[in-house]
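Heads up, the thing below is written out as structure tokens.
Numbers restart at 1 for each chain; the letters A, B, ... are given by sequence-line order, proteins then strands.
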Amino acid sequence: MKTGDVAIRVRDVSHQFGEPGEAQFVQALQHTSLDITRGELLCLIGPSGCGKSTLLNMIGGLLTPTTGTVEVGGKPVRAPLPRDIAFVFQENALFPWCTIIENVKLGMVFQGVPKAEQEPRARKALEAVGLKDFMGHYPAQLSGGMRQRAALARALSLETGTLLMDEPFGALDEQTRMILGEDLSVLLSTTEKTIVFVTHSLGEAVFLADRVAVFSARPGRIKEIIEVDEPHPRKPSFVTTEKFSRLRNTLYELLHEEIRKAIEQAATASPHP
Amino acid sequence: MSARQDRRDKIASRAVQIGFVVALIGLWYFGTAYWGISRILLPNPVNVWHELKDVIGSGEFLPDLRVTLTELAVAFAISCTAGVTLGYLISRSPYLIKVFEPLLAGFYSVPIILFLPLYVLFFGLGPGSKIALGTTISFFPIVLNTIAGFGYVEKIFITAARSMGASDFQMFRYVLLPAALPVMLTGLRIGFTVALLSILGSETIASLEGLGHRIVHLAEAMETARMFAYIAFAVVIAATLNSIVSSLERRAKRR
């Protein structure tokens with residue numbers, strides 16, 4: 001948050017699946033507005049089904065909002081903007097028939113990077129995430145954590161201003177997650193990227209984010225935004241500070257009641273006849 | 001250590017397999033040479049070997065082999081083209097998959113060889129009816145596996161490629177095709193095998209030429225030793241073709 005200008009502007013977006021009155025009707029997100037500052041890391045956190053992934057997909061142009069608008073760099077988003085926005089998905093978004101370096105290069109092929117630049121850029125990105133020695137491996141030969149590093153390298157090699165991460169460490173065990181989070185904080189502190197990061201983990205949100213947006217239960221809207229005023233890269237010892245615990249506890253209190261609500265909703269949404 | 005163990009296990013099981021075949025031929029030899037099995041019902045393996053040398057040496061097999069292989073090539077070419085094209089088109093729409101996949105799977109389970117008399121009425125006793133039958137039978141595994149290959153590509157691959165800006169052509173060339181290829185190739189191999197089987201089979205039932213026809217012709221003339229020689233020849237041809245197709249499949253899948 002150095003410059004303070006707005007990179008992503010979300011204005012009054014709603015999203016619904018199906019039409020009101022239909023059995024499948026779901027109001028995923030309701031009248032949400034949000035400004036994301038250039039260079040900041042914003043975490044979205046909330047109960048399952050609150051629409052945080054929906055919002056991420058709308059920012060990335062993979063979903064069109066039912067109402068409202070999304071602007072990235074002043075341009076309205078209507079379709080994916082591969083030159084401005086890169087994604088890291090939850091898991092297994094690497095193509096299993098390509099080696100790790102081929103996966104990274106294929107992203108650049110899609111984005112339209114000149115052929116001569118692809119190889120050096122792919123190598124650089126893979127070195128940055130610590131996969132220099134695994135470029136010729138296939139995804140199935142790597143652990144889940146390494147696959148997510150590769151997916152991150154693919155996104156970094158695209159050199160976009162914005163990075164959208166949809167629970168990128170969601171399928172990993174707690175310890176792998178912790179290490180990847182620390183490495184990510186170091187890696188991203190050297191870039192100027194704007195990052196939106198969806199997570200379920202309170203600790204991950206506090207550790208990585210400049211700001212954390214807490215969502216309410218469905219119909220989702222942003223309940224509160226918490227500031228984490230701590231310089232990047234975050235040190236592993238940040239986790240043991242009193243400030244970290246205080247922020248984590250604040251998030252817990254905000255979320256706890258929403259998660260209960262979400263679970264009750266899920267129970268009443270499918271009543272047994 | 002375990003690789004060596006594997007190797008030894010492999011050699012041991014190969015030895016048992018070879019021993020089994022040798023024992024079978026030995027039984028065949030003794031049964032016909034010493035134990036009085038009629039030579040018309042079961043010829044002596046030595047006679048069969050001489051006949052086989054004569055069949056191959058004289059080149060007598062060539063016209064029949066050419067007919068059978070031509071029928072196979074034409075039938076497989078048609079069923080590949082039709083099966084892959086239709087399968088791909090159906091796979092583009094979830095609705096079409098829902099309608100046509102069960103329908104085609106239903107047709108696949110029909111024993112189409114029962115329609116051979118009809119095919120002979122429509123297309124005559126010549127290669128036409130064999131080609132039509134081979135095409136029909138091999139079409140179903142090809143079209144079904146093409147649908148399965150292209151229709152069930154994991155959504156996340158498509159979403160990821162789209163987010164990185166893949167064009168329609170790039171999506172096909174770098175995502176859909178490699179994702180679908182293994183399943184589709186299995187369909188092509190099954191299609192090839194059933195086409196060969198049904199063509200050889202239908203030649204033995206109603207035909208004027210071809211390897212299957214030659215075998216039945218020799219049986220009716222009581223020339224069983226020569227018939228066995230032709231059967232052995234046909235088995236070798238079929239096994240060779242099938243292993244070529246299998247190794248092509250394996251090589252393409254490895255990429």
Side-chain angles (χ1 to χ4, degrees), chain A residues 53 56-63 72 77 79-99 102-113 118 122 138-139 147-148 150-160 162-168 170-171, chain B residues 2-3 6 84 87-88 91-95 97-98 142 145-189 245-255:
Chain A
S53 290
L56 195 78
N57 288 337
M58 290 192 307
I59 294 171
L62 294 174
L63 265 181
V72 170
V77 179
L81 301 169
R83 287 177 189 284
D84 302 315
I85 298 172
F87 269 92
V88 180
F89 297 96
Q90 189 167 7
E91 216 202 353
N92 294 332
L94 294 172
F95 304 118
W97 51 86
C98 292
T99 61
E102 284 167 357
N103 262 291
V104 177
K105 287 202 292 197
L106 197 50
M108 288 187 269
V109 170
F110 292 158
Q111 200 201 31
V113 173
Q118 290 170 8
Y138 285 89
R147 282 203 289 271
Q148 285 312 83
L152 178 62
R154 182 167 73 181
L156 290 176
S157 75
L158 298 174
E159 295 180 358
T160 55
T162 300
L163 194 56
L164 303 181
M165 306 179 82
D166 191 359
E167 294 190 50
Chain B
S2 80
D6 278 359
V84 170
Y88 178 72
S91 79
R92 293 304 80 209
S93 142
Y95 175 75
I97 293 179
K98 212 171 87 185
I142 295 175
N145 278 51
T146 307
I147 294 173
F150 281 106
Y152 299 95
V153 177
E154 290 213 34
K155 254 202 158 129
I156 185 70
F157 297 150
I158 296 168
T159 308
R162 206 156 71 82
S163 78
M164 295 185 283
S167 65
D168 286 350
F169 171 76
Q170 286 173 332
M171 186 70 85
F172 178 80
R173 165 70 185 78
Y174 295 111
V175 181
L176 296 178
L177 189 60
L181 204 61
V183 182
M184 198 174 75
L185 284 173
T186 303
L188 292 179
R189 176 175 52 74
V245 171
S246 293
S247 81
L248 284 178
E249 182 195 6
R250 249 178 287 124
R251 187 184 297 183
K253 275 186 186 178
R254 218 180 302 135
R255 245 186 262 152

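- A 4.5 Å side-chain heavy-atom check between Pro96(A) and Phe157(B) finds at least one atom pair inside the cut-off.
- Arg154(A) touches chain B through its side chain: at least one heavy atom from C-beta onward sits under 4.5 Å away, while N, CA, C and O do not.
- At a 4.5 Å heavy-atom cutoff, the contact between Pro82(A) and chain B is made by backbone and side-chain atoms alike.
- For Ala86(A), no part lies near chain B; criterion is any non-hydrogen pair under 4.5 Å.
- The contact between Ser163(B) and chain A is made by backbone and side chain atoms together, counting heavy-atom distances below 4.5 Å.
- No other option in Val175(B), Thr159(B), Leu181(B) has as many heavy-atom pairs under 4.5 Å with chain A as Val175(B).
- Of the two parts of Leu164(A), neither the backbone nor the side chain holds a non-hydrogen atom closer than 4.5 Å to a non-hydrogen atom of chain B.
- Within the 4.5 angstrom heavy-atom criterion, only side-chain atoms of Leu158(A), from C-beta onward, approach chain B.
- Within the 4.5 Å cutoff, the side chain of Tyr174(B) has heavy atoms near those of the Phe110(A) side chain.
- Ranked by heavy-atom pairs under 4.5 Å with chain B, the first of Leu81(A), Val109(A), Thr160(A) is Val109(A).
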